[in-house]
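Read through the structure below, which is laid out as structure tokens, and then see the notes.
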Amino acid sequence: MTAPFRFPRFFVTTPSPCPYLPGKTERKVFTELRGPHASELNDALGRIGFRRSQSVAYRPSCADCTACVSVRVVAKEFRPNASQRKLIRRHSDLVVSACRPWTTEEQFALLRRYLAARHPGGGMAEMDELDFADMVEQTPVDTHIIEYREPDDAEGRPGRLVGACLTDRQADGVSMVYSFFETDPELRPGMGTYIILDHILRGADAGLPYVYLGYWVEGSARMQYKIGYRPIERLGPGGWVRFDPPPPAARSDLATGDTGPLAAKFAAMAPPRV
């Protein structure tokens with residue numbers, strides 16, 4: 001007999017400086033994803049604005065700010081604009097593979113190059129190989145690392161890894177947990193944008209309604225890229241609704257995701273289970 005579903009216990013972090021809006025503080029509510037119903041719980045929480053980090057689901061719960069807004073792209077209705085179509089054509093030679101959530105040295109080396117170029121002082125800058133393995137491999141849900149490689153060489157060996165995305169499959173779509181990629185514009189320009197476009201188009205082909213992009217933070221330049229894909233919906237008090245914010249600035253080639261592996265930090269804040 002299947003064990004009865006138990007309502008999860010939620011905890012709240014202590015306030016800390018907001019990484020997106022200067023002068024603000026952030027606070028998160030979180031719960032652990034565990035047991036045979038972890039996937040169902042993650043799906044349900046994802047529909048009300050939670051994100052996953054390892055075996056933890058969390059969402060902002062700030063006392064004096066509601067700037068973080070969950071957004072998702074309506075995949076089946078998405079039509080790329082002219083610049084997005086050009087980018088899709090430019091990277092059409094890439095070989096895309098859905099790999100099991102098991103890290104490799106090549107992935108970690110790409111992540112280190114990405115962090116050094118884009119987020120040298122960020123919260124993930126000091127990640128080592130064990131941290132990276134925890135971020136990818138500690139998952140209680142249906143997760144893959146989507147790899148983007150250049151074509152095989154003349155001898156059939158796999159081409160250079162130029163992008164990757166930790167992606168969760170959910171009941172109503174996919175959630176892009178974190179992406180990283182080559183940032184040199186001379187090598188593969190616009191890879192961050194291309195990875196999002198590829199997820200949207202593949203999701204639509206698979207009949208998946210939505211691609212979840214995490215939190216859009218109005219007023220934070222580093223989060224404006226998330227509203228460059230239409231139609232887009234945001235989560236409000238009455239549920240998910242479409243909205244039409246002003247288009248983002250030209251540079252939208254940032255990582256999809258939030259602040260990386262948080263489960264260990266959350267675990268330290270939660271009281272022991274009884």
Side-chain angles (χ1 to χ4, degrees), residues 8-20 25-35 37-62 68-72 100-103 107-108 111 114-115 118-119 122-146 164-170 173-180 195-196 199 211-217 220 222-223 226 235 254-271 273:
R9 298 176 63 190
F10 290 88
F11 309 98
V12 179
T13 64
T14 56
S16 60
C18 176
Y20 305 115
T25 59
E26 71 166 357
R27 189 179 66 172
K28 293 183 174 71
V29 60
F30 67 97
T31 190
E32 187 177 9
L33 300 170
R34 60 193 295 266
H37 300 288
S39 290
E40 292 91 333
L41 177 59
N42 189 54
D43 287 348
L45 293 176
R47 288 191 287 272
I48 58 172
F50 278 75
R51 296 283 285 167
R52 185 185 70 83
S53 176
Q54 298 168 238
S55 58
V56 164
Y58 70 94
R59 65 169 295 172
S61 181
C62 303
C68 291
V69 178
S70 296
V71 293
R72 67 186 186 185
R100 62 175 183 159
W102 194 257
T103 56
Q107 292 170 1
F108 181 66
L111 175 68
Y114 167 78
L115 292 174
R118 289 294 175 83
H119 305 289
M124 298 175 66
E126 301 303 320
M127 282 183 67
D128 59 21
E129 290 181 89
L130 292 178
D131 295 327
F132 178 54
D134 286 343
M135 182 176 82
V136 173
E137 298 170 13
Q138 288 192 21
T139 172
V141 302
D142 186 4
T143 303
H144 291 85
I145 282 274
I146 311 300
C165 185
L166 181 63
T167 303
D168 288 349
R169 172 71 180 264
Q170 298 182 181
V174 295
S175 175
M176 299 180 68
V177 179
Y178 196 82
S179 63
F180 50 98
I195 290 172
I196 297 176
H199 274 68
V211 174
Y212 288 84
L213 298 182
Y215 302 116
W216 169 62
V217 185
S220 173
R222 59 189 284 199
M223 286 294 170
K226 295 189 179 186
L235 182 61
L254 300 173
T256 298
D258 299 292
T259 56
L262 301 170
K265 297 179 182 178
F266 289 150
M269 297 173 185
R273 289 191 296 269

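Because the structure is a prediction, the values reported are computed rather than measured. Residue indices begin at 1 and follow the sequence shown.
Phe50 places none of its side-chain heavy atoms less than 4.5 Å from the side chain of Asn42. Between Arg47 and Tyr212, some side-chain heavy-atom pair lies under the 4.5 Å cut-off.
Residue Glu26 comes nearest to Pro17 through the heavy atom pair CG-O, 4.0 Å, listed as atom of the first residue, atom of the second, then distance. Between Pro140 and Ser39, the shortest heavy-atom distance links the atoms O-OG, 3.8 Å. Nearest heavy atom pair, residue Met223 against residue Val217, reads CB-N, 3.7 Å. Annotation for Val136 and Trp102: closest pair CG1-N, 4.1 Å, computed over non-hydrogen atoms.
Ring-plane geometry between Tyr114 and Phe180 is classed as tilted, the angle between the planes lying from 30 to 60 degrees on a 0 to 90 degree scale.
At least one donor-acceptor pair under 3.5 Å links the side chain of Glu137 to the backbone N or O of Thr103. Of the possible polar contacts, none joining the Lys28 side chain to the Tyr58 backbone as a donor-acceptor pair under 3.5 Å is found. Between the Thr139 side chain and the Val141 main chain, a donor and an acceptor come within less than 3.5 Å of each other. With Arg59 contributing its side chain and Ile48 its backbone, the two residues share a donor-acceptor pair below 3.5 Å. Formation of a donor-acceptor pair under 3.5 Å by the Tyr215 side chain with backbone atoms of Gly49 is found in this model.
Exactly one of Ser220, Pro60, Cys62, Ser61 qualifies for a side chain to side chain contact (heavy atoms under 4.5 Å, CB included) with Cys68. That residue is Pro60. The only option from Asp168, Asp142, Asp43 that meets the salt bridge (Lys or Arg N to Asp or Glu O under 4.0 Å) definition with Arg52 turns out to be Asp168.
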What's the verdict on side chain to side chain contact (heavy atoms under 4.5 Å, CB included) for Leu111 and Gln107, showing C-alpha distance, side-chain angles and the deciding distance? CA-CA 6 Å; Leu111 175 68; Gln107 292 170 1; over 6 Å; no
Would you please test Thr143 and Val177 for side chain to side chain contact (heavy atoms under 4.5 Å, CB included) and show each step? CA-CA 10 Å; Thr143 303; Val177 179; over 6 Å; no
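Rounded to the nearest 0.5 angstrom, Ser175 OG and Arg72 CZ are separated by 11.5 Å. One finds the CE atom of Met127 at 7.0 Å from the CZ atom of Phe108 (value rounded to the nearest 0.5 Å). Atom CE of Met176 sits about 6.5 Å away from atom CG of Leu213, to the nearest 0.5 Å. Expressed to the nearest 0.5 Å, how far OG of Ser55 lies from CZ of Arg34 amounts to 9.5 Å. Atom CZ of residue Arg100 and atom CD1 of residue Ile145 lie 12.0 Å apart, to the nearest 0.5 angstrom.
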